[in-house]
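Lettering follows sequence order; numbering is per chain, from 1. The analysis underlying the following values was restricted to heavy atoms, covering all of them including side chains, and did not include hydrogens, waters or symmetry mates.
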Amino acid sequence: MSGTIFTRNRSVSIFITVLTLLAIAVTALSEGYGTGALSVSFTKVLGMTLCLCLAALAMDLVWGYCGILSLGHFAFFGLGGYMIGMWLMTARTEQVVRANLSEAVIPPTEGEITAATASQIFSVVGATDWPWMWAASDSLILSLVLVVAVPGLLALVFGWLAFRSRVTGVYLSILTQAMTLALSLYLFQNDTGLRGNNGLSGLQNIPGLETVGQDRISIWFFWGSALALGLAYIGAAWMVSGKFGNIIRGIRDDEQRVRFLGYRVEIYKLFVFTFTGCLCGIAGALYYPQAGIINPDEIAPIASIYLAVWVAIGGRGRLYGAVIGAAAVSLLSTYFTGGRAPNLDLGLFTIDWVDWWPVLLGLGFVLVTLFAPKGLGGLVDLIIRKDRA
Amino acid sequence: MSTLLEVQGISVSFDGFRAINNLSFAIGAREMRAVIGPNGAGKTTFMDIVTGKTRPDAGTVRWGELGVSLLSMSEAEIAQAGIGRKFQRPTVFEDQSVWDNLRLSLKKPRGPIAALFDRVSDADRARIAEIAAEIGLSDALDRMAGILSHGQKQWLEIGMLLVQDPRLLLVDEPAAGMTSDERAHTTALLKRLAEHHAVVVVEHDMDFVRRLGCRVTVLHEGSVLAEGSLDHVMADQRVIDVYLGR
Amino acid sequence: MIRVFLAALLALCLATAPAPRATAQDAAMGPLQALVQSRADLVADASRRSVGEVLEILIASELPGVPGFLARWQARELYQRQSDGLFVYVQDADATPLTLIDIDTGAVIGTATSREVAQLRPNRGVQTVIGSALVAFQLAAEDPADRLAALAAIDSAPEDIHLALVQDLIAVETDADVLALAEVLLPRLVIAFDRDDADRIAAIESLAGNVSLSARATLNPLLATTTGVATALPEGENIARVLNPGTDIDRDAAYAMLVAQGLAPPLVSRAEQRDILAANVIEGRVAGLPVAQLGTDDARDTAYAALVAQGLAAPAPTAAQIDESLAAHVFFETYREASQAVTDAASATLGGIDTRVAWFRALDLSLDGLSLASIYFLAAIGLAITFGVMGVINMAHGEFIMIGAYTGYVVQTLVPDYTLSIAIAIPLAFAVTFAGGVAMERLVIRWLYHRPLETLLATFGMSIALQQIVRQIFGTQARPLTPPDWLAGSVAINDVVSISSIRIAIFLLGVVFFVALWLTLNRTRLGLEVRAVTQNPKMAASMGINPDRINMLTFGLGSGIAGIAGVAIGLFAQVVPDLGANYIVQSFMTVVVGGVGNIFGTLIGAGMIGGLQKFIEWLNPTNTLAAQTYMILFVILFIQVRPRGIIALRGRAAGD
């Protein structure tokens, strides 16, 4: 019952070891620092996958441990991306503008540079002024704060409203889905200030790192993503291993009992909901500079449902399950929908994976729910138990 | 004898059905009380009101020496004020060990931050061991609560109330579904508890109530029909009518 | 009457035109050709001034070919042969060679290349004058349809002279339709062209309470204003209001007006200032200041001031000067219409009309909301029933709607008669989706009854798969589901309130469904069992009700209703694979707001969601996305007040 989190939860040491080995292997095979066996784009896919794993880890905390099936956590993920995206886009565009204006006879004033930057960014939506929500976009520090604060605040306000009125179960899921839809519709509008359905683009260009090639930047982001995932895993394992974990699992299994034991269930739910919202924000802020573009489609409710699906396939209530599920399903999705998978010729009928993968995923998901409610993580449990036996 | 809980003239109705009708009830600090009554008499609703799950349409519920109103408090606040409730169906956290069940019920700060940084002190350990001995589960601490027998789950739930150190225990049908050995054990446990706590037992089983040997309150159609010793109330014609029908 | 007018027109033309010249007539020419040849130069080179003379002669001749000739002339379909100046029509203007037609007989008289004939191109003014003469002919026509057409032509381009024409027509007209149209037209012409203000005001007041578009289009131009500026308010103008800079009119705009009128010196914008500085760079310096230091507004101001001092740039007005200029002038709006009595009457009448229009708009909006509500009701009721009875949210519900719509499409490809195909499609869609629902319940949902959250995800899996399979079969492009003709139009009460027939049909369908479901749930054995299972499944089971069977039937029923809703939605929306996904969230919201286990709840929920969405769209009509955003926010806040919906089960049965 004591000792560090590494001895209390065996999966932590294993997970950190695997993650470290993966990082070393990817570095050694990368174009930036190694043999070049892994292309830059694939390195980015791996880094992005780690970010998705981080989001799935958060989803597992909130759903697998605390029993709140949130269909809104990918919205927090997207918000994190938007927050860092605003800084990336502003800083990058400002550099371009400065370079253009440096040729001018009269040196430009700061006001002219800001105005020119704004008109460059917002001309696609027919605007030239800075929307209020870009106020912090000229400061990296502030933007980093917002990466955590904005999704956190949204989660806090929404969670407070929902948990206070004791909305639970399926009702809560629908409400979170509604929140996600409202947010994506809001972002889709051209006049709300985040460039409507154009989204933010060119995020792969990191200001200040122009001289560094994408081959190195991709590896740096991979390391950053791995570090974030590792730290989050340790933190999450620490959270769920103690009394806090007992309480939130209690809330999942019998909310009423926990309440009659004197715990304010709403506060715990709100704590977990907000904390995981912040985690998703961080994951998104790491993901989108690797993806290079973010638009409101990313936030659509279906993305959040996929997040839940990954966790369910990986196995709820096990941190490694969430990570396995997210990694496996998102990598397979990338493989099958990227057009790289060979078509399956069945004689009469040819299966084109790009088209049939969603069907396979949907049905596969139904089967997992029916026959393997504990997901892939459940298999790991079976193996471990065999070891012990 | 000082009054610990005083319920005055509460009424509550669900869609026109009056589940509780002008009910008044009081219990002292170290008293055991059995509440009996036929189905639909309002026993569970009465407990719901005291523990804050249901808000009455009228009436007052006062608690402790200061006479604090419980009506404006949440379930969690009422529980923290010292009222523990055992449900009719045993509700323990089946996915967690007996030790964990008891640990999270320990009387300690209830906030999330406190829970995150909670460490099991020697005093906690001693307290858990003590309660486990009391409820006869000393050997089962490492077992998952889900694999306990029905009776053991009932005891564990009582144990979870005890580690909270409550002043009033509300126990709903503790003997339901128990073997006669387990009933005897439960009777003894409740009697011991009543030495230090106020205990309200809701029960159907007259034999069990008789063995508890305490005052009895009979509920019928949402109000108190009779109160007194078991023999006294059983002699009451109205109680006989209610229980035997006319 | 018309004849009288023509004579008057003639007299008018005579007064303005020079006296006719005598011309030699060729014996071979028809009478019309001869007549036209007598004024050949005036026809070929007509001006607004001179065309009257030709018209007068033509009208006076009373030749049968004159109206046709005028129509062709006006439409630029009259040609003149270069060789002999003969006027001809052309059979097909794009053909080579052109086939020439005699203007009297209509007979083909030869061919010519486009170089050999010249097309006559009367200008706009000439066309208008010819048109008016033509209208006079048409208004005198025997056929009421021709007279209606003439009035319609006046309606689209009213002219001064039409006023008398229409007044005369009303005096003699017997055909009710023509008279009605003429009487609608008359006030408009009076208001626009009558010279007596009293008549105009009477005409304006006759329009009071008339919400038609044409009435509003008549009155609005009377209140058109122009913005002006002067040192003092001008006398004798019909002033609409005085504009106060800063409140009624933007200060920058006000100053720009002053500049445009030459009443104040122009501002020098930052960009202009920079350009002037750039133009005055001498050896890397502007007015002595190094260029490199000009990166701030202050430095630029200093340099510019120095340029002004050297006389190299115009001084920019200071803020105080701008204030002074604005204060020294008065800004105002004047009506284009000179008579104040007329504008007062117009604005009073229009105000009354606007109020009525607002009420009708509200009515129209309510009808829209009602129709949207019935759609949501149809889409959500199946969901509400399954949720109420089984505690299961079916994420694939939208896909059942979509399958219903595609069933309708498939039926239409097989049965070409639209009425018949819809009549077949509705029960068939019910059957198909009922079967699908039962199959899904048996295969998937039955195993997950105690895990509602997992049901949600499993049905979501079904939803992805179903959507993608349909996409594979039918492709991504929209498939038509065409309503029968009797449903295609719309019912218009006036120019403000109208509702398409299809929406009325959907509303009626919703009513039928509501009644049918209510009867099923309250008057049948199945309904009793369903309600029993909804309220207390365990108790129901112990009473001998087989909850398994009830669940299966309920799920089938819910899906079947979704199928029918799909046919209804498909009739006005595009049938695409994600049709259902577009309705599912609104359906969820309806269930959440309405509460479960009671069809009245769903009805009220649908009414609230539909009405609210239309209401928000009305507040912000340009942005339907925003309407949805705010509606969802409302639902989230609504849950604070009624966490279990409008009609919720209470007491212990509701559980927790």
Side-chain angles (χ1 to χ4, degrees), chain A residues 63 67 69 71 104-112 115 158 161-162 164-171 173-175 177-179 181-186 188-192 255-256 301-302 305-306 308-309 312 352 355-371 373, chain C residues 270-271 274 277-278 281 286 291-297 299-300 387 391-393 395 443-444 447-448 451-469 471-472 581 585 588-589 591-592 623 625-626 628-633 635-637 639-641 643-644 656:
Chain A
W63 179 33
L69 176 52
L71 300 181
V105 180
I106 308 286
T109 62
E110 287 304 311
E112 281 172 340
F158 178 86
L161 288 174
R164 192 185 70 102
S165 51
R166 305 244 170 117
V167 179
T168 54
V170 184
Y171 256 69
S173 301
I174 294 175
L175 268 197
Q177 191 192 15
M179 175 202 78
L181 185 70
L183 185 69
S184 74
L185 289 177
Y186 180 77
F188 258 120
Q189 297 164 40
N190 276 345
D191 53 2
T192 45
E255 192 173 321
Q256 192 79 311
I302 195 157
I305 301 181
Y306 272 122
V309 167
D352 182 347
D355 292 331
W356 285 96
W357 168 246
V359 178
L360 192 73
L361 181 64
L363 294 180
F365 180 58
V366 174
L367 294 178
V368 167
T369 319
L370 283 179
F371 299 111
Chain C
R270 286 283 170 202
R274 187 191 59 216
L277 292 177
V281 175
V286 178
V291 164
Q293 288 177 13
L294 293 180
T296 65
D297 287 340
R300 288 187 183 181
F387 191 23
V392 160
I393 273 288
M395 296 288 276
L443 292 173
V444 180
W447 310 103
L448 298 172
R451 298 185 275 162
L453 292 183
E454 281 163 61
T455 319
L456 191 137
L457 289 175
T459 51
F460 168 70
M462 295 298 298
S463 145
I464 312 176
L466 285 174
Q467 231 184 75
Q468 188 62 27
I469 289 171
R471 197 169 282 135
Q472 289 300 301
V585 174
F588 285 158
M589 296 298 104
V591 174
V592 168
N623 208 330
L625 286 179
Q628 291 195 33
T629 313
Y630 295 129
M631 192 204 59
I632 292 167
L633 288 182
V635 171
I636 292 172
L637 291 177
I639 291 295
Q640 301 304 305
V641 189
R644 301 198 159 267
D656 258 320

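Rounded to the nearest 0.5 Å, atoms CE (Met589(C)) and CG (Leu175(A)) are 6.0 Å apart. Atom CD1 in Ile469(C) sits 12.0 Å away from atom CG in Asp355(A) (nearest 0.5 Å). The line from CG of Leu185(A) to OG1 of Thr629(C) is 4.5 Å long, rounded to the nearest 0.5 Å. Between the CG atom of Leu69(A) and the CG atom of Leu456(C) there is a distance of 6.0 Å, given to the nearest 0.5 Å. Atoms CD1 and CE, on Ile305(A) and Met395(C) in that order, are 3.5 Å from each other to the nearest 0.5 Å. Interatomic distance, Ile302(A) CD1 to Ile464(C) CD1, rounded to the nearest 0.5 Å: 5.5 Å.
For Leu367(A), no part lies near chain C; criterion is any non-hydrogen pair under 4.5 Å. Only the side chain of Val585(C) has a heavy atom closer than 4.5 Å to any heavy atom of chain A. For a residue to count as touching a neighbouring chain, one of its non-hydrogen atoms must lie under 4.5 Å from one of that chain's; by this rule Leu448(C) touches chain A with the side chain only. Contact of Glu454(C) with chain A is made through backbone and side chain together, with heavy-atom distances under 4.5 Å. Interface remark: Val167(A) contributes side-chain atoms only to the contact with chain C (heavy atom separation under 4.5 Å). Contacts between Ala278(C) and chain A at a heavy-atom distance below 4.5 Å involve backbone atoms as well as side-chain atoms. Heavy atoms closer than 4.5 Å to chain C are found nowhere in Glu255(A), neither backbone nor side chain. Both the backbone and the side chain of Val592(C) come within less than 4.5 Å of a heavy atom in chain A. Leu637(C) touches chain A through its side chain: at least one heavy atom from C-beta onward sits under 4.5 Å away, while N, CA, C and O do not. Looking at Arg300(C), only its side chain comes within 4.5 Å of chain A, counting heavy atoms on both sides. With a 4.5 Å cut-off on non-hydrogen atoms, Pro373(A) touches chain C through its backbone and its side chain both. Ala162(A) touches chain C through its backbone: at least one of N, CA, C or O sits under 4.5 Å from a heavy atom, while the side chain does not.
Your options are Gly295(C), Ala458(C), Pro452(C), Ala581(C), and the one with the most heavy-atom pairs under 4.5 Å with chain A is Gly295(C). Comparing Leu633(C), Val392(C), Asp297(C), Val591(C) by heavy-atom pairs within less than 4.5 Å of chain A, the highest count is held by Asp297(C). With chain A as partner, the option from Arg274(C), Gln468(C), Arg270(C) having the largest number of non-hydrogen pairs under 4.5 angstrom is Gln468(C). Comparing Gln177(A), Arg166(A), Glu110(A) by heavy-atom pairs within less than 4.5 Å of chain C, the highest count is held by Gln177(A). Ranked by heavy-atom pairs under 4.5 Å with chain C, the first of Ala182(A), Gly364(A), Ser173(A), Gly111(A) is Ala182(A).
Between Leu161(A) and Ile636(C), the shortest heavy-atom distance links the atoms CD1-CG2, 4.3 Å. The nearest pair of heavy atoms linking Pro107(A) to Ala292(C) is CG-O, 3.8 Å.
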Inset, instruction - Begin with the C-alpha distance, continue with both residues' side-chain angles, and end with the deciding distance and a verdict on side-chain contact (heavy atoms from CB on, under 4.5 Å) for Ile106(A) and Val281(C). - result: CA-CA 9 Å; Ile106(A) 308 286; Val281(C) 175; 4.2 Å; yes
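Atom CZ of Phe188(A) is surrounded by more than 12 heavy atoms from other residues, nucleotides or ligands within 6.0 Å.
Side-chain atoms of Val105(A) and Leu277(C), non-hydrogen and from C-beta on, never get closer than 4.5 Å to each other. Residues Trp63(A) and Leu453(C) form a side-chain contact, since some pair of their non-hydrogen atoms from C-beta on lies under 4.5 Å apart.
Ring geometry for Tyr171(A) versus Phe387(C): interplanar angle of 30 to 60°, hence tilted.
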